[in-house]
Amino acid sequence: MEDSGRARQVTRRDVLKTGLIGAAGLTVLPTVIAACSSASATPTTAPATPAPATAAPATAAPATPAPATPAPAATAITFGSNYSDAVPKKAMQDIVDAFTAKSGVKVTVNTVDHGTFQDQITSYLGGKPDDVFTWFSGYRMRYFAAQGFAVAIDDVWAKIGSDFSDAFKVGSTGDDSHQYFVPIYNYPWAVFYRKSVFTAKGYTVPATIDDFTALCKKMQADGLIPIAFGDKDGWPAMGTFDILDLRMNGYQFHVDLMAGKNKWTDPKVLAVFNKWKDLMPYHQTGAAGRTWQDAAQALLKKQAGMYLLGMFVSQQFLAASQADLDDLDFFPYPSLGTSFDAEKALDAPIDGFMIAKKSPAGAAGAEQDSAKAFMQFLGSPAAEGIYVKADPSNVAASKNADTSGYNALQKKAVELIGAAQKITQFLDRDTRPDFAGANGMQNFLLKFIGNPSQDLSAFLTSIQKFWDGLPPL
């Protein structure tokens with residue numbers, strides 16, 4: 001491993017050897033045994049009214065029944081969620097409700113807009129965070145674990161480990177070899193389109209970048225926006241950079257660039273932005289003021305022909321109608337004629353959960369017991385089955401989750417991920433957060449989108465200067 005500070009990435013061999021997805025029956029979490037005598041940061045369930053003791057045996061003298069020792073109240077916990085869109089928000093609430101019904105532990109969900117949550121995660125974890133919070137696998141998980149912001153959950157993994165491939169365990173492990181993360185799902189980034197539009201217009205799926213460019217020109221001539229695009233949240237454009245860099249320069253160059261081993265002033269990076277500049281005329285204009293959801297509406301309403309995004313774009317189609325969802329399809333980003341095309345590399349981020357060290361659950365006690373029980377449930381095939389049923393824009397991380405109900409997109413996603421030789425987590429998850437955030441790459445990419453014809457060498461010099469000015473980790 002060239003970079004000891006970076007956990008091994010998922011490869012096709014990992015997928016074929018251990019399987020990202022498998023079919024099996026659902027399992028059930030044992031009822032949580034919550035500790036008593038520990039105060040909670042949120043109101044706890046009131047102690048049960050003492051019940052009379054069991055009557056004495058018939059041979060014994062009658063005795064006044066003594067009150068039984070009250071069962072300890074299940075300690076409530078809080079859950080910080082960035083699942084702010086309607087479909088994933090409901091999916092997560094379904095899991096929370098199932099856990100509470102099974103364990104008796106009340107979980108208060110505090111939902112924050114996805115972009116805001118991500119941009120403010122450092123101050124959130126350093127302040128008074130929720131007990132359990134949503135987060136991402138990869139560098140960003142390891143970064144916060146190394147900063148002391150997360151609770152090690154090796155004991156949870158001892159119970160759930162058999163439900164995950166080795167690749168997912170690696171993605172949940174910190175630099176100190178302890179586990180800090182429970183994965184729930186992942187999803188591929190690809191080029192999405194409506195089958196009915198391609199059929200009506202006679203379009204064919206492009207295999208090469210030349211085919212892709214020709215299709216974009218044809219769509220423009222037909223009055224369509226070739227590529228829907230929205231970057232108001234700062235991160236969607238990162239997906240375009242990632243796939244171009246992976247196709248043109250390869251997986252290893254890309255991850256080394258994210259780690260600071262390669263320079264942003266490298267001519268290979270300049271080539272990526274020049275290629276992107278050539279493609280910009282086919283993108284939806286005004287991206288800086290448009291959310292990804294609004295861009296998705298252009299594809300949904302047949303105003304745009306294609307959209308490079310994660311499979312969560314299907315949430316917008318599901319919300320419209322089942323017929324719209326059934327009309328949605330995708331293809332992998334076209335090859336660029338380089339030796340790295342064979343890697344079939346792509347972003348396939350893994351989402352999941354962590355326990356915040358500075359929360360009430362950060363200290364050993366009742367809150368931590370409840371939080372770990374919740375984490376164990378979140379990693380169960382049952383919980384992951386609940387999620388992907390409510391939100392079919394993802395595929396379950398657990399290899400024992402029930403996949404019998406997968407739709408066509410989910411089945412195709414499993415195939416696409418399985419065919420990839422190399423998988424990355426996404427730019428803002430594969431690099432340090434103070435570089436990826438609103439003052440860093442989000443801002444730089446918005447500047448590029450606003451003026452792709454600028455002096456790109458000077459532009460990349462400014463990015464490298466920003467990196468060089470960051471404090472040591």
Side-chain angles (χ1 to χ4, degrees), residues 21 85-88 185-230 236 239-240 243 247 279 282-284 287 290-336 341 344 346-348 388-396 403-420:
I21 305 297
D85 292 308
V87 173
Y185 61 72
N186 72 334
Y187 54 88
W189 274 63
V191 182
F192 289 82
Y193 67 97
R194 295 197 66 142
K195 291 180 285 188
S196 61
V197 171
F198 270 50
T199 298
K201 300 290 186 180
Y203 302 148
T204 57
V205 171
T208 69
I209 195 66
D210 289 340
D211 295 338
F212 185 68
T213 302
L215 177 58
C216 287
K217 292 178 178 178
K218 183 67 168 65
M219 287 181 174
Q220 280 185 331
D222 291 340
L224 288 173
I225 300 165
I227 305 170
F229 196 35
T240 302
I243 195 61
R247 289 285 188 273
L279 294 171
Y282 308 118
H283 286 68
Q284 191 174 14
R290 183 182 302 109
T291 66
W292 73 261
Q293 294 95 331
D294 289 337
Q297 289 297 308
L299 186 68
L300 175 65
K301 296 175 181 178
K302 302 184 179 182
Q303 298 166 348
M306 298 175 288
Y307 192 8
L308 172 65
L309 204 71
M311 202 166 79
F312 52 84
V313 69
S314 64
Q315 296 167 6
Q316 300 291 301
F317 284 72
L318 177 60
S321 74
Q322 185 62 47
D324 286 305
L325 180 62
D326 293 341
D327 193 37
L328 186 65
D329 203 348
F330 64 81
F331 56 86
Y333 201 82
S335 63
L336 272 82
D341 287 331
K344 297 183 179 179
L346 77 160
D347 284 327
V388 296
K389 180 179 180 180
D391 181 6
S393 67
N394 304 287
V395 291
T403 64
S404 61
Y406 274 10
N407 63 26
L409 283 179
Q410 288 171 304
K411 292 176 182 177
K412 191 170 182 178
V414 173
E415 294 176 358
L416 181 62
I417 294 170

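Sequential numbering from 1 along the given sequence is applied to the chain's residues.
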* **Exam field: side chain D327 to backbone S196, donor-acceptor pair closer than 3.5 Å** => yes

* Asked: For the residue pair P226 and C216, what are the closest heavy atoms and their distance?
  -> CG-O, 3.3 Å

* **Closest non-hydrogen atom pair, P206 against L215** => CD-CD2, 3.9 Å

* Do Q316 and Q293 get their side chains close enough for a donor-acceptor pair, meaning under 3.5 Å? -> no

* **Check: K412 and P188 side chains under 4.5 Å, non-hydrogen atoms** => no

* Asked: When you measure from the side chain of K411 to the backbone N and O of T403, does any donor-acceptor pair fall under 3.5 Å?
  -> no

* Asked: From L328 CG over to L299 CG, what is the distance, rounded to the nearest 0.5 angstrom?
  -> 6.5 Å

* To do: Taking all non-hydrogen atoms of both residues into account, name the closest pair between V388 and A396 and its distance.
  => CG1-N, 3.6 Å

* Does a sphere of radius 6.0 Å around NZ in K217 hold more than 12 heavy atoms from other residues, nucleotides or ligands, not counting ones at 6.0 Å or beyond? -> no

* What are the two closest non-hydrogen atoms of A413 and V395, and how far apart are they? -> CB-CG1, 4.2 Å

* Asked: Got N394 and M311 here, is their nearest side-chain heavy-atom distance under 4.5 Å?
  -> no

* Asked: Is a side-chain N or O of T213 found less than 3.5 angstrom from the main chain of L279, in a donor-acceptor match?
  -> no

* Asked: If every non-hydrogen atom of N186 is compared with every non-hydrogen atom of A348, which pair is closest and at what distance?
  -> ND2-O, 3.8 Å

* Please round to the nearest 0.5 Å and tell me the distance separating atom CD1 of I227 and atom OG1 of T240. => 8.0 Å

* Hey, can you tell me if F312 and Y187 have their rings parallel, tilted or perpendicular (30° and 60° cut-offs)? => perpendicular

* **salt_bridge(R194, D324) N-O dist < 4.0 Å** => yes

* Asked: What's the spacing between L416 CG and W189 CH2 if we round to 0.5 Å?
  -> 13.5 Å

* Asked: Rounded to the nearest 0.5 Å, what separation is found between the OH atom of Y333 and the CG atom of D347?
  -> 12.5 Å

* Asked: To the nearest 0.5 Å, how far apart are CG in L325 and OG in S393?
  -> 9.5 Å

* Asked: Under 4.5 Å between any side-chain heavy atoms of Q410 and V414, yes or no?
  -> no

* Given Y193, which of F331, F317, Y307 fulfils the ring pair (Phe, Tyr, Trp, His ring centres under 6.0 Å) condition? -> F331

* Roughly how far, to the nearest 0.5 Å, is CG of L309 from CZ of F229? -> 10.0 Å

* Structure fact -> For I225 and H283, the nearest pair of non-hydrogen atoms, with its separation, is CG2-C, 4.5 Å

* Asked: Do the non-hydrogen side-chain atoms of D211 and T204 ever get within less than 4.5 Å of each other?
  -> no

* Asked: Do M219 and M306 touch side chain to side chain, with heavy atoms closer than 4.5 Å?
  -> yes

* **Donor-acceptor contact below 3.5 Å, side chain T291 vs main chain D294** => yes

* **D222 versus Y203, side-chain donor and acceptor atoms under 3.5 Å** => yes

